[in-house]
Amino acid sequence: MVQAKNPAEPSVRLLRVGEQVRHILSEILARGDVHDETLAKHMVSVTEVRMSPDLRHATVFVKPLLGKDEEVVIKALRTNTAYLQREVAHRVKMKYAAKLKFLADESFDEGSHIDSLLRSPKVARDLEEDAGEA
């Protein structure tokens with residue numbers, strides 16, 4: 001029996017195109033192709049690209065190295081969106097050029113917060129009690 005696919009999960013095609021766009025943007029930013037003073041001063045990691053189901057919109061999650069000047073870097077990327085969209089459109093063979101939307105990647109901060117919670121004395125004590133009961 002074939003199970004129906006969860007509509008909330010992206011298709012393989014969406015994941016593949018998103019990864020291709022991520023690689024292209026990473027390459028452009030690493031080589032310094034964007035002539036922007038702010039982007040020249042900061043190393044920017046493109047952590048994820050989520051494509052819309054129609055492949056016309058791409059949400060790009062970025063994180064500056066060491067998390068410094070995040071708002072300034074996001075603003076610089078948004079200022080240079082037209083150039084980046086053009087470059088992605090030239091390199092990805094699709095019917096439409098995806099519109100890029102840049103957002104800060106909060107997953108690292110969330111992971112650090114969860115890690116600090118797990119390492120707190122109260123949680124460690126509860127985990128020790130659970131291990132002693134088992």
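The minimum heavy-atom distance between Leu14 and Met51, with the atom names listed, is O-CG, 3.7 Å. Thr38 and His42 make their closest contact through O-ND1, 2.9 Å (heavy atoms, listed as atom of the first residue, atom of the second, distance). The two residues Met94 and Leu55 come nearest to each other via the heavy atoms CE-O, 3.9 Å. Considering every non-hydrogen atom in both Val34 and Tyr83, the closest pair reads CG2-CE2, 3.8 Å.
Judged by distance alone, with hydrogens and angles left aside, the side-chain atoms of Asp36 form a donor-acceptor pair with the main-chain N or O of Leu39 at under 3.5 Å. Distance alone, capped at 3.5 Å, is enough to place a donor-acceptor pair between the Gln85 side chain and the Leu100 backbone.
The only option from Leu29, Leu25, Leu65 that meets the side chain to side chain contact (heavy atoms under 4.5 Å, CB included) definition with Val44 turns out to be Leu29.
In this structure the side chain of Lys101 never reaches within 4.5 angstrom of the side chain of His57, judged on heavy atoms. Contact check for Tyr96 versus Asp54: no side-chain heavy atoms found under the 4.5 Å cut-off. The closest side-chain heavy-atom distance from Phe102 to Val73 is not below 4.5 Å. Residues Arg50 and Phe61 meet the side-chain proximity criterion, which asks for heavy atoms closer than 4.5 Å. For the pair Arg31/Glu27, a side-chain contact is recorded, criterion being any heavy-atom separation below 4.5 Å from C-beta on. Considering only heavy atoms from C-beta on, Glu19 stays 4.5 Å or farther from Val49 through its side chain. In this structure, the side chains of Leu103 and Val60 stay at 4.5 Å or more apart for every pair of heavy atoms.
The line from CZ of Arg86 to CG of Asn80 is 10.0 Å long, rounded to the nearest 0.5 Å. Going from atom CD of Glu87 over to atom CD1 of Ile28 covers 5.0 Å, rounded to the nearest 0.5 Å. The structure places CG of Leu15 at 9.0 Å from CD of Glu48, a figure rounded to the nearest 0.5 Å.
Salt bridge status for Glu37 with Lys41: present, with a side-chain N to carboxylate O gap under 4.0 Å.
Residue Met43 is not grouped with residue Val46 when hydrophobic side chains (ILVMFWY) are merged at heavy-atom distances under 4.5 angstrom, including chains of intermediate members.
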Verdict with reasoning, Val62 to Asp105, per side chain to side chain contact (heavy atoms under 4.5 Å, CB included):
CA-CA 5 Å; Val62 296; Asp105 188 349; over 6 Å; no
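Within 6.0 Å of CZ on Arg13 lie no more than 12 heavy atoms contributed by other residues, nucleotides or ligands.
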